[in-house]
Structures are given as structure tokens and as C-alpha cells.
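Quick notes on the structure that follows.
We count ligands from 1, going down the list as the structure has it; atoms in each ligand are counted the same way.
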Amino acid sequence: MFKLTNKRIILGVTGGIAAYKSAELVRRLQDQGAQVRVVMTPGAEEFVRPLTMQALSGHPVFTGLLDEKAEAGMGHIELAKWGDLLLIAPASADFIANMVHGRADSLLGAIYLATPALVSVAPAMNHEMWKHPATSDNVDTLRDRQVHVIGPDSGIQACGDIGPGRMVGPEIIVDQISEFFKTGELQGIHVVITAGPTREALDPVRYVSNYSSGKMGYAIASAAIDAGALVTLISGPVNLIEPEGCKFLSVVSAEEMLSAVLEVSESAHIFIGAAAVSDYKIESVSEEKIKSNDETLTLTLRKSPDIIQSVAKKYEQLFVVGFAAESNNLEGYAKEKLEKKGLDAIIANDISRSDIGFNSDSNEVSWIDKNSSLIFSKRSKTQLARDIIQQILKSFHHNR
Ligand code: PMT
């Protein structure tokens, strides 16, 4: 069971003897399903070699603000936007002071200022430094700015002194950060979510499908779980780990997805259709493998059931949110689907762009309901999912 499935964590390592614990921390974060990118300050490099962190994280380590090669790969602003959480562990007294003053003279300082992600620090320093009023004031300032402070622990320090200032252990850090993602706002609410593609068989070995990876729907399921909802995730075939803490139903075809949806939605409050359901299925599926002797092959396709329209019609208590995959006239076509399918809201994404939508890690969408429309600019699907849950929460309570 994983606590941080698909969460993207930027691990900032600053200069201090506790930097050696960050190597272990990378592993513990990955064990819980997180994707990790490491940023090291010049001070941190004196204690741990970037190569160690690179080998453990499986990705190049970011060190310099003016590193042309690194900027050509993933620039520091892009990296700042990539993360769901910036975790600075260990955070030295000096770096904490730099954060308070908004100094961007290191790559990590610049990322801290540029990131929209949650921020957490695990301080590590000599106990006298920790107790100094300057440090106490700085830590209070960070707390006021919604930075989560983890620890420090008390005990024997590297210098031989005894007192508070040791960085807490990697396992405790992992436990605490997994709590940050939980908001509890959907407590007692049952949310049904569809995700991924459906497959419509042609014969025993071939099928018609699409490029949906399931990332959007799975991110929404995780965000709903974090918000305390009772979640049922109904998924077509994808290569993702199912989020911890939900009822998970695996389906293949549109017909199977429809049966699962109708069965579980009677007691549900919210339905979110993020799946890319095949609009057509093969009229008569061949029991034998279709021979490839002929130059052309004609197949007759028949319309699949419209899952979201069926569920909206059958269960009037449901707050139903669809997705619209459009390549032009985004808002116009999305509004038509909103009305035709009887939805409460629709989320339109532009599938003509290769950087968002199908099978990408980011998305940019328009939220359209009966009274309003708003745009969520490009961001990670994890972040977008959290924003969508917040938006659904507002509209759902408004409509009750
Ligand atoms: O899975 P990813 O790679 O992360 O990509 C995410 C996504 C692009 C697939 C997702 O964001 C998205 O747009 N999902 C809906 C895709 C789609 O089928 O759009 P549509 O415009 O054809 O359908 C509109 C709505 O009707 C959708 O909520 C869809 O689930 C639903 N539908 C469609 C056909 C059908 N037979 N039954 C349905 O319920």
C-alpha cells in the first residue's frame, strides 16, 4: 500500500551533516510511489555527492542556477511548476533565513520562490542555533506562510552536544508529508470516477481503443481520497498503480464500464467521467482471429452506450461532471455536451495540443457549468485534480 502514489516531490538538500539522511529519504519517498527530483545547494554538495543522489533517484540532480545544460533539460521554473511538494530536508539555519528573506541566489532559493506547490522543511542544525531567537522568528515566519515544519528531533548531535536540532528520520518525514495531501473536505461523500480508455474487441486478439493513460482520472481519485471521500474508481486498461484507499473496479469495454457505473452509483453523491470511452464498438465480434489475406477489411461499428448520460438520467441525486475532449471550438462543443448529456459541469481539454490532455503529465482545462466558466491554466494533473476537487466541492454544496 502506497502513501504517495504519483506525487511529485522536489527534494531540496541544503548544507549540513544530516544531508546523508536525504539519500535514504529519496528511497523511502520512492517506496511510497512518489516521483522524486533532487536539488542540492553548494553546501549540500560538500556533504553528499550529487552522483549518489542521482543514482538513488534515477534522475540528474539539479545544482546550479546558471547551469545551461540543466536549464536546457528542465528549466528551474518548469521544475518549480512540476512539483506537488517542495520538501527541503535537511533545511539549515542559513537556508531557512534565506527563505524568510526571499533570496534567489541559489537554484533551491529560486525554486522556493517560484513554486506553487506545498512547501515543507525538516530543519537540522546545532541545538543552540535552533534555539536562537533569530531562528525561532524565522521558523515562525515560515509557519505563518503555510510552510510545514517537520521536527526537529532531540538527542545527541554530530558535534557531541545534546538537544533539539537533529533532522527527523526519513520514515517520519514520509508519514507527515502524506498527511499534508489530506484535506478531509469530502468526508462522508461517495464519489464515483471513471478513468482510462475502453477497449472494443474486433476478434480474440485485436481491439479498437484510444491513447488515454488514465493519469487524469487516477489523479482525481487520489485527490478525492485525500479530501476524505469514499471513492470508487472504475478503470479501463492502464499501466498505473491503483490509488490506496479506494474501491477499485477494473473493466475493459464500454458495456462493462456502464454496468459497473450503474451498479455502484445508486448510493453515490458525485460522478466524474474522466474515462475516454470508445464511442463505437464492433457490431459483430469475430470468434476466430480475422484473416489478413484481403487488401481491405470493412468493419461495421455501432454506437456504444453513453455511460455518463445514462448515469445522469438514472440517478437524479448525482452531481455529474464530465470531461470533453475537443480539438476545436472547445467551449462551444463542451457546452453542447453539458446540455445533451444532462451534466452539472463539464471540463474541456484541448486534445490538439501534444503537451496536455491524452497521455501527458499536465493538463490545461476549462470548467463550464450552467452559471459560469473558468480556466485552469496548465499545471500537473495531480495539482489540477486537487483544483478540480475544490471546484466540484464549491458547486456541489451550492447545488444541494
Ligand atoms: O487519461 P489521460 O491520458 O490522463 O487523458 C485524460 C483525458 C484527455 C482522457 C481526459 O481528460 C478526458 O478528456 N476524458 C474524456 C474523454 C472523452 O471521451 O471525451 P468526450 O468528449 O468524447 O466525452 C464526453 C464525456 O462523455 C466524457 O466524460 C466521457 O467519459 C463521456 N462518455 C463518452 C462516450 C460514451 N460512450 N460514454 C461516456 O460516458
Side-chain angles (χ1 to χ4, degrees), residues 6 192-200 208-223 233-240 242-243 251-262 265 270-281 301-315 318-369 376 378-385 387-388 392:
N6 301 327
V192 177
I193 299 156
T194 63
T198 62
R199 280 182 191 168
E200 308 305 326
V208 173
S209 190
N210 60 65
Y211 292 112
S212 169
S213 63
K215 288 177 192 170
M216 192 69 252
Y218 277 55
I220 292 174
S222 293
L233 174 61
I234 302 169
S235 174
V238 296
N239 289 317
L240 296 175
E242 62 192 75
V251 296
V252 177
S253 66
E255 291 280 1
E256 282 176 29
M257 189 173 270
L258 175 68
S259 317
V261 163
L262 294 182
S265 297
I270 297 172
F271 178 86
I272 307 169
V277 184
S278 304
D279 291 311
Y280 290 90
K281 58 182 179 173
L301 303 178
R302 183 159 292 284
K303 200 108 170 83
S304 295
D306 194 307
I307 297 170
I308 206 162
Q309 190 168 3
S310 310
V311 81
K313 199 167 164 203
K314 183 157 186 191
Y315 300 119
L318 272 182
F319 184 83
V320 183
V321 182
F323 269 79
E326 307 295 347
S327 49
N328 65 320
N329 187 19
L330 210 62
E331 288 222 356
Y333 288 144
K335 275 185 186 150
E336 274 177 22
K337 285 180 184 166
L338 176 81
E339 278 159 30
K340 184 173 158 225
K341 295 179 188 241
L343 312 180
D344 293 288
I346 195 152
I347 298 163
N349 39 202
D350 182 351
I351 54 154
S352 68
R353 280 172 58 181
S354 60
D355 61 325
I356 58 168
F358 278 90
N359 200 21
S360 105
D361 287 335
S362 306
N363 210 355
E364 177 176 311
V365 299
S366 301
W367 164 280
I368 302 162
D369 60 29
F376 291 101
K378 185 177 168 185
R379 60 201 73 182
S380 76
K381 283 183 177 167
T382 312
Q383 180 59 47
L384 178 63
D387 297 334
I388 286 173
I392 290 177

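The shortest side-chain heavy-atom distance between L262 and V311 falls under the 4.5 Å cut-off. The closest side-chain heavy-atom distance from M216 to I347 is not below 4.5 Å. Put simply, the side chain of I220 reaches to within 4.5 Å of the side chain of F323, judged on heavy atoms.
Protein residues with a heavy atom closer than 4.0 Å to ligand 1 are S212, S213, G214, K215, M216, G273, A274, A275, A276, V277, D279, P305, D306, I307, I308, G322, F323, A324, A325, K337, K341, N349, G357, F358, N359, N363, K381, listed by chain and number.
Within 6.0 Å of NZ in K340 there are 12 or fewer heavy atoms belonging to other residues, nucleotides or ligands.
For F358 against S212, the heavy-atom pair with the smallest separation is CD2-N, 3.3 Å.
Among residue pairs with one or both ends in residues 357-366, those qualifying as salt bridge (Lys or Arg N to Asp or Glu O under 4.0 Å) are R8-D361, K215-D361, R353-E364; sequence neighbours excluded.
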